[in-house]
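A short worksheet on the structure shown next.
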Amino acid sequence: MAQDQDIICEIRGAAGVVILNRPKALNALSLGMVRELARALDAWENDPQVTRVVVISTSEKAFSAGGDIRWLHDCGKAGRQDEMLAFWGEEYILNHRIKTYPKPYVALIDGIVMGGGVGISLHGSHRIAGDRYLFAMPEVGIGFFPDVGATYALPRLPGAFGHFLALTGERIGAADALSVGLATHSVASDRMAELADALTSRAALDDILAGFTIARPPGPLQAEAATIADAFAAASPLEVVARLKALATGGSAFAGKLAQTIAAKSPTSVAIAHEQMRRGKDLDFAEAMRTEFRIVSRIAHGHDFYEGVRAVVIDKDQAPHWRPDTLEAVEPAAIAAYFAPLGAAELKLEV
């Protein structure tokens, strides 16, 4: 195995095995990694030896912590938006490929899974959560938006839970992920390597997983399900915050904390994320990906993404200057413009 490769795709027994091998960057996705995974899926689709795809990580900390946002930031600051959009375009096409893949696609997730890592795991048929599983879509904190198929997946979670994840960027563990369907199975971390090996056999996938799956006690957010459902079902982001503040006044420390969390995020990003959730519940997956490409095509030429990455990743002062800097100042027409069709520049998917 070539240890210097960021992603390794090889056939082991009955499985096409994908090894995310960029541990120092927490397996942040590069364009090369996206292309290599797409190439492997194409090769394996009609290969009778390959009955399933299994995605694993060489990092104990992360499955994949997202896309390479520092590279994207630097491209944009240099005026190379075409390179940014080439990356996002190919990434979104890959997300659609995984969602529609005709063979089982099994992601073994033991560690951080965020952003682009969600895009190469959540849309597969099987998402196996280890003890260290930690899911988040934290994009509103860097002036971005929950992409890689979140427009489709998050609005379909029960009890407005996806709206909560999109607007707050909160991190959740394996138990809560299982309870809402983000994960399909749970396995102890110390058996993940054994499971990865077992999945290369020709035994039935469900039979293999049954021998490893464990139950987990309720996650901490299950006790807050009513608060989440009440606040995040609101028709506007301002109303979400108003409901959280009212619940906080009524004694919910959890609601008060979430109101403060949202207040620190990019107001434009929060408004985009809320609109994504509103629209996404009625979109098929392909149209959701086209919608995300419309949004990202405008964000690449905007302000808040670059300011957010500067504040969180580059200077690390955690003090971004958003434009506008309050939810009240966000114009509905400005948000609607992010969703407008691109004409000839629309994302082209094979459907």
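Every heavy atom of this structure was used, including side-chain atoms; hydrogens, water molecules and symmetry mates were not. Note that the structure is a prediction, hence the values are computed from the model and not measured.
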* To the nearest 0.5 Å, what is the distance between CG (Leu29) and CG (Leu37)? -> 8.5 Å
* So, the side chain of Glu307 versus the backbone of Trp322: is there a donor-acceptor pair under 3.5 Å, distance only? -> no
* **Heavy-atom check, side chain of His301 versus side chain of Gln81, under 4.5 Å** => yes
* Asked: Which heavy-atom pair separates Ala15 from Val50 by the least distance, and what is that distance?
  -> C-CG1, 4.3 Å
* Asked: Can you check whether Ile272 reaches Ile295 side chain to side chain, under 4.5 Å on heavy atoms?
  -> yes
* To do: For residues Trp88 and Phe145, establish whether the separation of their ring centroids is below 6.0 Å.
  => no
* How far apart are the C-alpha atoms of Leu134 and Phe63, what are their side-chain angles, what is the distance that settles it, and do they pass the side chain to side chain contact (heavy atoms under 4.5 Å, CB included) test? -> CA-CA 9 Å; Leu134 197 64; Phe63 175 80; over 6 Å; no
* Asked: Leu283, Val148: one ILVMFWY side-chain cluster at the under-4.5 Å cut-off?
  -> no
* Lys/Arg-Asp/Glu bridge criterion (N-O < 4.0 Å) met for Lys103, Glu45 -> no
* Ser64 (side chain) donor-acceptor with Asn27 (main chain) under 3.5 angstrom -> yes
* Working for side chain to side chain contact (heavy atoms under 4.5 Å, CB included), residues Val34 and Phe87 -> CA-CA 8 Å; Val34 167; Phe87 169 78; 4.1 Å; yes
* Are Arg39 and Asp42 close enough that some pair of their side-chain heavy atoms sits under 4.5 Å apart? -> no
* **Aromatic plane relationship, Phe305 with Phe144 - under 30° parallel, 30 to 60° tilted, over 60° perpendicular** => tilted
* Asked: Would you find more than 12 non-hydrogen atoms of other residues, nucleotides or ligands less than 6.0 Å from Arg156 atom CZ?
  -> yes
* Going through the checks in order, is the side chain to side chain contact (heavy atoms under 4.5 Å, CB included) test met by Val55 and Leu20? -> CA-CA 7 Å; Val55 189; Leu20 304 175; 4.2 Å; yes
* Asked: When you look at CD of Glu346, are more than 12 heavy atoms from neighbouring residues, nucleotides or ligands closer to it than 6.0 Å?
  -> yes
* Between the main-chain N or O of Ala28 and the side-chain N or O of Arg22, is there a donor-acceptor pair closer than 3.5 Å? -> yes
* Would you please classify the geometry between the Tyr105 ring and the Tyr101 ring as parallel, tilted or perpendicular, with 30° and 60° separating the classes? => perpendicular
* To do: Output, in order, the C-alpha distance, side-chain angles, deciding distance and verdict of side chain to side chain donor-acceptor pair (under 3.5 Å) for Asp110 and Tyr133.
  => CA-CA 5 Å; Asp110 194 25; Tyr133 177 102; over 6 Å; no
* Asked: Same hydrophobic cluster for Ile109 and Ile112, using side-chain heavy-atom links shorter than 4.5 Å among ILVMFWY?
  -> no
* To do: Sorted by first residue and then second, give each side chain to side chain donor-acceptor pair (under 3.5 Å) pair with at least one member in residues 237-247; sequence neighbours left out.
  => Glu239-Arg243
* Asked: Counting distance only, does the side-chain N/O of Asn95 pair as donor-acceptor with the main-chain N or O of Gly119 below 3.5 Å?
  -> yes
* Check: His185 ring centroid to Phe212 ring centroid under 6.0 Å -> no
* Would you mind reporting whether Thr100 and His96 have side-chain heavy atoms less than 4.5 Å apart? => yes
* Under-4.0 Å salt bridge between Arg12 and Glu10 -> yes
* **Cationic tip of Arg298 above Tyr338 ring, under 6.0 Å, 45° of axis** => no
* Asked: Got Tyr306 and His73 here, is their nearest side-chain heavy-atom distance under 4.5 Å?
  -> yes
* Asked: Taking atom CZ of Arg35 and atom CE of Met33, what is their separation to the nearest 0.5 Å?
  -> 14.0 Å
* Can you tell me if Thr200 uses its side chain to pair, donor with acceptor, with the backbone of Ala14 under 3.5 Å? -> no
* To do: May I ask you to check whether over 12 heavy atoms, not counting those of Glu350, lie within 6.0 Å of atom CD?
  => no
* To do: Please check if Leu167 and Leu258 belong to a single hydrophobic cluster, counting links between Ile, Leu, Val, Met, Phe, Trp and Tyr side chain heavy atoms closer than 4.5 Å.
  => yes
* To do: Check for a donor-acceptor pair, side chain of Gln276 on one end and backbone N or O of Pro146 on the other, with a separation under 3.5 Å.
  => yes
* Neighbour count above 12 (heavy atom, 6.0 Å) for Lys77 NZ -> no
* Out of curiosity, Arg171 CZ to Asp176 CG, how far, rounded to the nearest 0.5 Å? -> 15.0 Å
* Val53 versus Val106: any side-chain heavy-atom pair under 4.5 Å? -> no
* To do: Report the C-alpha distance between Glu139 and Lys265 in whole Å, list the side-chain angles of each, state the deciding distance to 0.1 Å, and finish with yes or no for salt bridge (charged side-chain N to carboxylate O under 4.0 Å, His left out).
  => CA-CA 9 Å; Glu139 289 82 3; Lys265 309 303 184 185; over 6 Å; no
* Euclidean distance, Phe254 CZ relative to Leu247 CG, rounded to 0.5 Å -> 10.5 Å
* **Check: Leu31 and Glu83 side chains under 4.5 Å, non-hydrogen atoms** => no
* If you measure from NZ on Lys281 to CZ on Arg279, what distance do you get to the nearest 0.5 Å? -> 10.5 Å
* Quick one: does Asn21's side chain have a donor or acceptor within less than 3.5 Å of a partner on Ile7's backbone? -> no
* Asked: What's the verdict on side chain to side chain donor-acceptor pair (under 3.5 Å) for Asp68 and Ser30, showing C-alpha distance, side-chain angles and the deciding distance?
  -> CA-CA 6 Å; Asp68 195 338; Ser30 64; over 6 Å; no
* Whether Thr261 side chain and Thr168 backbone form a donor-acceptor pair below 3.5 Å -> no
Show me the donor-acceptor pairs, under 3.5 Å and distance only, between side chains in residues 213-220 and residues at least two apart or in other chains.
residue : atom : partner : partner atom : Å
Thr213  : OG1  : Leu209  : O            : 2.7
Arg216  : NE   : Ser186  : OG           : 2.2
Arg216  : NH1  : Asp131  : OD1          : 3.2
Arg216  : NH2  : Asp131  : OD1          : 2.7
Arg216  : NH2  : Ser186  : OG           : 3.1
Arg216  : NH2  : Val187  : O            : 3.4

* Salt bridge flag under 4.0 Å for residues Glu224 and Lys257 -> no
* Asked: Does CZ belonging to Arg80 count more than 12 external heavy atoms closer than 6.0 Å?
  -> yes
* Asked: Looking at Glu91 and Arg97, does any basic side-chain N land under 4.0 Å from a carboxylate oxygen?
  -> no
* Structure fact -> Only one of Asp304, Asp315, Asp74 passes salt bridge (charged side-chain N to carboxylate O under 4.0 Å, His left out) with Arg310, and that residue is Asp315
* Any donor-acceptor N/O pair, Glu292 side chain to Gly149 backbone, under 3.5 Å -> yes
* Asked: Should Ile299 and Ile69 be regarded as members of a common hydrophobic cluster, given that ILVMFWY residues are connected when their side-chain heavy atoms come within less than 4.5 Å of each other, either directly or indirectly?
  -> yes
* **Candidate pair Arg202 and Gln49, rule side chain to side chain contact (heavy atoms under 4.5 Å, CB included), full reasoning** => CA-CA 10 Å; Arg202 299 208 169 268; Gln49 181 178 343; 3.4 Å; yes
* Asked: Are the side chains of Leu41 and Leu94 in touch, meaning some heavy atoms are under 4.5 Å apart?
  -> yes
* Asked: Same cluster or not: are Leu182 and Val140 linked, directly or through other Ile, Leu, Val, Met, Phe, Trp or Tyr residues, by side-chain heavy atoms under 4.5 angstrom apart?
  -> yes
* Structure fact -> Here the gap from Leu108 atom CG to Ser189 atom OG, rounded to the nearest 0.5 Å, amounts to 11.0 Å
